[in-house]
Structure formats: C-alpha cells, structure tokens
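Lettering follows sequence order; numbering is per chain, from 1.
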Protein chains: 2
Amino acid sequence: MKDKDKTMEDCSKKILAVRDALEIFSGKWKIPIIGALIHFEEARFKDLQNIIGGITSRMLSKELKELETNLLITREVIDTRPVTVKYKITSYGKSCQDVIFSLYQWGAEHRKVIIGK
Amino acid sequence: MKDKDKTMEDCSKKILAVRDALEIFSGKWKIPIIGALIHFEEARFKDLQNIIGGITSRMLSKELKELETNLLITREVIDTRPVTVKYKITSYGKSCQDVIFSLYQWGAEHRKVIIGK
DNA sequence: CAGAATCCGGTCAGATACTG
DNA sequence: CAGTATCTGACCGGATTCTG
C-alpha cells in the first residue's frame, strides 16, 4: 500500500466521525439550544425561545425532542399551574462544550472579517 | 437591569456568532471538504470525491463554489489534457481547524457511546 | 405556559445523463 | 478529468391556529 493511500484512508475515517457529529447537530437550532443550556444549566421552554431568538415553538419543540433522544438534555415536567417544564443539560450534553466554543470563536472572528470589508 | 438579564443577553450574543459560523458551514459536506483540504493542503476534484465518499459531483461542485466564495479555499485550473483542477485550502480556511478537530473528537467519542449500547 | 395540529412553500440533495 | 443539466422526492422549517 502506498503512503498516499494510507493518509487518504486516515482522512476518510476521520471524516466519518465528523459526519456522525454533524448528523447529531444537524439543523439550524440544535447547537444554539445546547449552547444556551450549557450556559444556564437549565431553562424552561419559553426562556429558551427568548434566549435563542427567532425560533418558533414548533421548531423548538421538535429539536428538544431530538436532543432528548440523543441523551444530550433531559426534560422534567413540574406540576404547577399552568405547568412548567424544565430542560437540563446532561453531563453528556456538556461534552459538546468544545465544539460549541470553537464554533463561537470562529464565528466571532469571522464577523470581524466580514465587517472589515 | 437584573443579573439574569445580563447573562441572557450575553448568551444571545454568543448564539449569534455561533449561527454565523453554522451558516458558513451549512450543509452536509462543507466541513468534510474543508477537513480533507486541511489534511492534504491541496487536492483535485476526483480526489476529494474519493476521500469524502458518497458525495455526487453535483454536490461537490456546488459546495466547492460556496467555499471559494467565502474565501476558505482557492481553485486553480491547470492546463493539462484533460484539464485538472487544484483546490487548495487558504490560510483563512485553516482557521477552521479547531472547529473541525473538536467535531472530529466529539464524533469519535460519540461513536464509542453508540457502539457501547 | 408548553406545546400539538395543520398547512405549505422552498431548497436540499440524490439519481441520472451528458459535455469539452 | 471536472464538471453541467435536468428532474424529482423528501424534508426542513416558517406561519398560524388551537389546547390543557
């Protein structure tokens, strides 16, 4: 096997892992939601909608379900009147910190570049 | 202004930067493409298609154009017969390293979690 | 408050075929 | 080799309305 083939194979394997991650975080809102929940540790539905901005209840609801399915957050119904619901980040969810932080950093830098033009 | 409001505002601002980044990297293929070009510094169209795997020429072409527009990569036509085209990562494109690496790391960890079940 | 239900347009992305 | 052209189904995600 040639050297080039080996490094190509390595790269392809890495790309598979990246694609796995991208699938979990797919869509417009998951990363912002996780980011907000890492920031606040826990929040209610309406809070999240305010923090994130621009997301409809339909979308927020859908994305929260997927995140719960993937064990990144938990959902807890509190018996008040009217009911409130508390979303919390899991320890597994916290493992996304690096990803989100690097995205934030890059995005912030990118903003400067854009504005600079 | 209450304390909570301040931290909410902070979080919302960060989310904006994250959303900027997500927009640039939107779609299924841009991150893998950038990753491959960081790994190899430069590659040809067909190479990229092989490395990434599963992407159609239509998609690859489209994504490469967007990446070039955003100054993350360059395109150079080489006058051979038949023509070859060399795509290279720019120094700005290299600034995505951290993002991609953290995605790779998380994805690799996530794989273990999934397989472990 | 925290959603569910319904409707709907847009675009994403795959399959396939073709070109210089 | 490095794309372009065309077609098409899927689904993403917004708007709106309604409910316990």
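Side-chain contact, B:Thr90 with B:Thr74: no donor N or O sits under 3.5 Å from an acceptor N or O.
Candidate nucleotides D:dA15, D:dA2, C:dC1 were compared by shortest atom distance to the side chain of A:Pro82, and C:dC1 ranks first. Residue B:Thr56 places its side chain closer to C:dG14 than to any other of D:dG3, D:dC1, C:dG14.
One finds no salt bridge joining A:Lys65 and A:Glu68 here, because no Lys/Arg side-chain nitrogen approaches an Asp/Glu carboxylate oxygen to under 4.0 Å. Taking the charged nitrogens against the carboxylate oxygens, A:Glu66 and A:Lys30 do have a contact shorter than 4.0 Å, which makes a salt bridge. For the pair A:Asp10 and A:Lys13, the salt-bridge criterion is not met [side-chain N within less than 4.0 Å of a carboxylate O].
At the heavy-atom level, A:Thr84 lies under 4.0 Å from the strands shown only through sugar-phosphate atoms. In this structure, A:Lys86 reaches neither bases nor backbone, as no heavy-atom distance under 4.0 Å exists between it and the strands shown.
Between the CE atom of A:Met59 and the P atom of C:dT6 there is a distance of 16 Å, rounded to whole Å. The distance between atom CZ of B:Arg81 and atom C1' of C:dT19, rounded to the nearest whole Å, is 16 Å. The separation between B:Leu64 atom CG and D:dC1 atom C1' is 14 Å, rounded to whole Å. The separation between B:Lys28 atom NZ and D:dA10 atom P is 15 Å, rounded to whole Å. When rounded to the nearest whole Å, the span between CG of A:Asp47 and C1' of C:dA2 equals 12 Å. Rounding to whole angstrom units, CD of residue B:Glu23 and P of D:dC12 are separated by 18 Å. Put simply, CG on A:Asp79 is 17 Å from P on D:dG20, counting in whole angstrom units. Separating the OH atom of B:Tyr87 from the P atom of D:dG3 is a distance of 3 Å, rounded to the nearest angstrom.
Checking A:Val83 against A:Lys62, the closest nucleotide of DNA chain D that is more toward the 5' end is the one next to A:Lys62.
Using a 30° and 60° split on the angle between ring planes, B:His110 and B:Trp106 fall in the parallel class, below 30°.
When the side-chain nitrogen and oxygen atoms of B:Ser61 are compared with OP1 and OP2 of D:dT4, one or more of them lie within a distance under 4.0 Å.
Counting atom types as modelled, A:Arg58 pairs a side-chain N or O with a base atom of D:dG13 as donor and acceptor under 3.5 Å.
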